[in-house]
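The structure under discussion appears below in the form of structure tokens.
Read the numbers this way: they start at 1 and go in the same order the structure lists the ligands and their atoms. Sequential numbering from 1 along the given sequence is applied to the chain's residues. Heavy atoms only: backbone and side chains are in, while hydrogens, waters and symmetry mates are out.
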Amino acid sequence: MQKQTLVMKFGGTSVGSADALVKAAQIVKDARAEYPRVVVITSAMSGVTNLLLDSAALASQGKVDSLPSAESTLREKHFAAADALIKNEHLREVTKAEINVLIFSLVDLCKAIAILGEASPRAMDAVASIGERMCVRLLGAVLQDAGINAKAIESTEFVVTNAHFQHAHPDFKATTEKTRQLLNPLMDAGVVPVTTGFIGATPEGVITTLGRGGSDYSAAVIGSVLPADDVWIWTDVDGVMTTDPRIVKDAVTLPEITYSEIAELAYYGAKVLHPKTIRPVVDAGIGLRICNTFNPTHPGTRLIANAPSDSKARNGQVVKAVTAIRNQRLVTIEGRGMLGVPGVAARAFGAVASTKTSVPLITQASSEQSICFAVPSESAASVLNALQAVFASEIEDEDIDRVWMTEDVSIITVVGVGMRHTPGVAGQVFTQLGNNKANVLAIAQGSSEVSISMVVAATDTELAVRSLHELIVK
Ligand code: ADP
Ligand code: ASP
Ligand code: MG
């Protein structure tokens, strides 16, 4: 059957400069030749979301001195690309004027935050959304100027979410209805809708974001509700690689990756794909490809169904990839009085949840005398306070000896579906770390046996990743 609909998402670097935008425009043109219906989703230009959120964070401390410089950085970045690429003067000036209005709204929002002395999650989302909202206008105009019948449209008009600001959940039913209602007539008329990743709106129209790096998720949501045949994630590397090429330069692309492998990789820190991206595409049976805007002829990585024949990667190695999550702390609750006391774990994780912190890793002790888990460093202090409060009487009665945490650590994870059928992988992994003098502080293995995670001191992160990567690429 002929393929009909393609959703393509461009990441921050892929729209981060005039040069990148030229490449993105060519990619859209080429896709149009292959697919009658194409939807383009854009991130903010690289660095913009961080700049916006930093401005809001400073404003919440009453600091607005750096606002003029943020304003001019944003103006220069967007205007330079508009000036270089939009030849039609009217289109160029209209686009710049619209972007300017958004920059003024940032200034207004930051001033309001400074007066209030706090930035609510809702205000942070209003600020963060400006990056994608500026970029969608720029990219839409660049595509139009390149002869593509494109129309910029904000996803706030059709991605409906709950009001969980900064980590909003899409309402798939409402989103399906609105997305089809808005995008189908455009595509039927031969228009390429160009829309914002990362953001949505509550039913009342208040802007939300889906979480940092969430444009990938937007692509999966929009792709699944249309539904599209394929979702292509355009980024700045040749697909999903054996590890982060910023850590190990001889990392290589994995041509294919299974659902469960990519889920583990994304969850355990491979920034190349937001972890929430996988479920909607798998549920809707849509193809997913990750490819490089700067090397578009490279096939990149294709997501495939879990199949035993795909279990071995390069050189027959069962470990296919290594990832790292930095800036974590290991929290331990210990005490001999905990033995056999029911509900300690439930109360502990209840206390953690009350701080809105998620726990990426839990290690299990054979006795019930300690519970140990990882939390992001930024939440560690509030987690510790919450635990000390919930166990105040046990601590006083000395049933719990102490609740403590380590310095910064990293979670290193090796991933590969073939590990499930291969004895001795854990041994190989720990020998490799031991031989390279990387000290393992804690271990966890997922019940699916697709991954093994180890906690190491922050200073051992690169060493651990490099030495485990040698198990894959020798
Ligand atoms: P985008 O802005 O396109 O969404 P991101 O910066 O979010 O791009 O993700 C791409 C980056 O992910 C790459 O530049 C790379 O440094 C990093 N990365 C981490 N782990 C991996 C991996 N296993 N394979 C490929 N890239 C990875
Ligand atoms: N611009 C957003 C961020 O930086 C979303 C994304 O790039 O995926 O988090
Ligand atoms: Mg990303």
Side-chain angles (χ1 to χ4, degrees), residues 8-17 20 23-24 27 41-54 124-125 127-136 139 155 159 166-168 195-200 208-221 232-255 257 261-277 290-295 298 300-301 313 319-326 410 412-416 451 461-462 465 468-469 472-473:
M8 297 204 290
K9 173 256 171 177
F10 292 95
T13 321
S14 303
V15 290
S17 64
K23 296 197 161 61
I27 288 168
I41 295 171
T42 188
S43 292
M45 293 179 93
S46 49
V48 166
T49 310
N50 284 345
L51 180 62
L52 295 169
L53 290 173
D54 289 350
M124 289 305 260
D125 276 358
V127 169
S129 73
I130 291 171
E132 272 68 12
R133 294 167 65 209
M134 290 190 289
C135 197
V136 77
L139 179 60
S155 58
V159 174
Q166 299 189 300
H167 297 280
T195 192
T196 46
F198 184 48
I199 66 175
T208 56
T209 68
L210 308 181
R212 292 305 307 270
S215 291
D216 301 332
Y217 185 37
S218 302
V221 171
W232 294 359
I233 305 286
W234 291 94
T235 184
D236 56 3
V237 288
D238 290 338
V240 180
M241 309 181 79
T242 45
T243 194
D244 187 343
R246 286 183 209 181
I247 302 182
V248 182
K249 63 177 186 321
D250 53 0
V252 296
T253 300
L254 296 163
I257 190 153
E261 288 169 336
I262 188 72
E264 297 288 307
L265 273 176
Y267 180 79
Y268 283 111
K271 198 186 162 208
V272 66
L273 197 71
H274 191 282
K276 285 189 180 163
T277 315
I290 297 116
C291 34
N292 190 348
T293 304
F294 305 93
N295 189 14
H298 192 290
T301 302
V319 175
K320 277 175 84 172
V322 188
T323 60
I325 315 185
R326 296 166 200 265
S410 294
I412 313 293
T413 303
V414 293
V415 176
S451 70
T461 310
E462 271 82 11
V465 171
L468 292 173
H469 192 257
I472 311 169
V473 180

Which is it for [X] and ligand 1 at heavy atoms under 4.0 Å: side chain, backbone, both or neither?
| X | value |
| --- | --- |
| A321 | neither |
| T243 | backbone |
| M241 | both |
| V237 | side chain |

Which ligand 1 atoms does [X] reach within 4.0 Å, using its non-hydrogen atoms?
| X | value |
| --- | --- |
| T235 | 1 (P), 3 (O), 8 (O), 10 (C) |
| V272 | 9 (O), 10 (C), 12 (O), 24 (N), 25 (C), 26 (N), 27 (C) |
| V240 | 24 (N) |
| P245 | 26 (N), 27 (C) |
| K9 | 4 (O) |

Is [X] reaching over with its side chain to a backbone N or O of [Y], donor-acceptor style, under 3.5 angstrom?
| X | Y | value |
| --- | --- | --- |
| T196 | E132 | no |
| S218 | F198 | yes |
| T195 | S155 | yes |
| T323 | G269 | no |
| T209 | D125 | no |
| T253 | D238 | yes |

So how far is it from [X] [atom1] to [Y] [atom2], rounded to the nearest 0.5 Å?
| X | Y | atom1 | atom2 | result |
| --- | --- | --- | --- | --- |
| T13 | N292 | OG1 | CG | 9.5 Å |
| I290 | W234 | CD1 | CH2 | 11.5 Å |
| M241 | I247 | CE | CD1 | 12.5 Å |
| D216 | L210 | CG | CG | 10.5 Å |
| I27 | S14 | CD1 | OG | 7.0 Å |
| M134 | T42 | CE | OG1 | 11.0 Å |

- prompt: Hey, does D244 come in under 3.5 Å of ligand 1, counting only N/O atoms on both sides?
  reply: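 Yes - when backbone and side-chain N and O of D244 are compared with those of ligand 1, one distance drops under 3.5 Å.
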- request: Before signing off on this row, confirm whether D216 and ligand 1 have an N or O atom pair separated by under 3.5 Å.
  value: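 No, D216 has no N/O under 3.5 Å of an N/O on ligand 1.
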Protein contact to [atom] [nearest heavy atom, distance to 0.1 Å]:
| atom | value |
| --- | --- |
| atom 2 (O) of ligand 1 | G12 N, 3.0 Å |
| atom 6 (O) of ligand 1 | K271 NZ, 3.0 Å |
| atom 13 (C) of ligand 1 | D236 OD1, 3.5 Å |

- prompt: So which of S14, G239, A44, G214 gets nearest to atom 25 (C) of ligand 1, if we judge by its closest heavy atom?
  reply: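 The nearest heavy atom belongs to G239.
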Distances only, to 0.1 Å: what are the N or O pairs between ligand 2 and the protein that fall under 3.5 Å?
residue	atom	partner	partner atom	Å
ligand 2	1 (N)	T49	OG1	2.8
ligand 2	1 (N)	E132	OE2	2.7
ligand 2	4 (O)	T49	OG1	3.3
ligand 2	4 (O)	R212	NH2	3.0
ligand 2	7 (O)	S43	OG	3.3
ligand 2	8 (O)	G213	O	3.3
ligand 2	8 (O)	G214	N	3.4
ligand 2	8 (O)	S215	N	3.0
ligand 2	8 (O)	S215	OG	3.2
ligand 2	9 (O)	R212	NE	2.7
ligand 2	9 (O)	R212	NH2	3.4
ligand 2	9 (O)	G213	N	2.8

- prompt: Hey, does L468 have a side-chain heavy atom less than 4.5 Å from the side chain of V319?
  reply: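 Not in contact.
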message: Contact between ligand 1 and S43 is defined here as a heavy atom of the residue under 4.0 Å from a ligand atom; is it met?
response: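 No, S43 has no heavy atoms under 4.0 Å from ligand 1.
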message: If I compare all heavy atoms of T242 with all of K320, which pair ends up nearest, and what's the gap?
response: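 Taking every non-hydrogen atom into account, CG2-O, 3.5 Å.
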